[in-house]
Amino acid sequence: MEVPEIPWTEEVELPVARAAVLVVDMQNDFVHERGALRVPDAAGTVDAIGRLLERARTAGVPVVYTQDWHAPDDPEFRIWPPHGVAGTWGAEVVEALAPRPGEVRIHKTTYDPFFRTELGRILAGWGTEHLVIVGTVANICVLHGAAGAALRGIRPVVPADGVSALSPLGFHLAFFQLTSLYRGIAVRSCAGIRFTG
Ligand code: ZN
């Protein structure tokens, strides 16, 4: 089997008034060393994500977070060990990336951040046309977020150093699907994303 190349972009400029940042599931259970479903590479993305969020906030680009928010007997726990149980420490966003007052947190129960949530309405209200997506897991909730955005006419922009997966295959697959199915932009690094205007 041949593994297709990803068409990487080095730099992308996004208009402040039409951009938003979605931080997917950077919760203790996925990121913290004591997390219930730790993604080993997730902690390594925290600094790059933090710097991106600082630049977004300074530019006036809105930031929205998702949190996996499961019932203790969620059907997803037939696939994965229990994680992201509503109201627990594990479901909280890691301290280093904690949302600022006024920033929106979307509580989701599936891989899809748009399913039975306010995310679609919120992005429509902001007039978002370019959605920068960071977080974890790249080929699961990040990819479902990219798909949901693209299918709503919003272009997903995903920086490689802002997402993490459980395997190199999962990581590569996320960017393959992003660029081949969803007209998404695969950026090499968070630093390559500029907010202009
Ligand atoms: Zn989950």
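All ligand and atom numbering here is 1-based and tracks the order in the structure.
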Just checking: His83, one of its N/O/S atoms, less than 2.8 Å away from the Zn ion (ligand 1), yes or no?
yes
Look up atom CD in Glu129 and atom CZ in Arg155, then write down how far apart they are to the nearest 0.5 Å.
11.5 Å
Does the shortest distance from the Zn ion (ligand 1) to an N/O/S atom of Asp68 fall below 2.8 Å?
yes
How open is the angle at the Zn ion (ligand 1) from atom OE2 of Glu76 over to atom NE2 of His70, rounded to 10 degrees?
100°
Here's one to test your reading of the geometry: is the NZ or CZ of Arg121 within 45 degrees of the ring axis of Trp126 and under 6.0 Å from its centre?
no
Heavy-atom nearest pair, Thr128 first then Ala19, reads CG2-C, 4.4 Å
On the six-membered ring of Phe30, is Arg38 placed so that its NZ or CZ lies under 6.0 angstrom from the centre and within 45° of the ring axis?
no
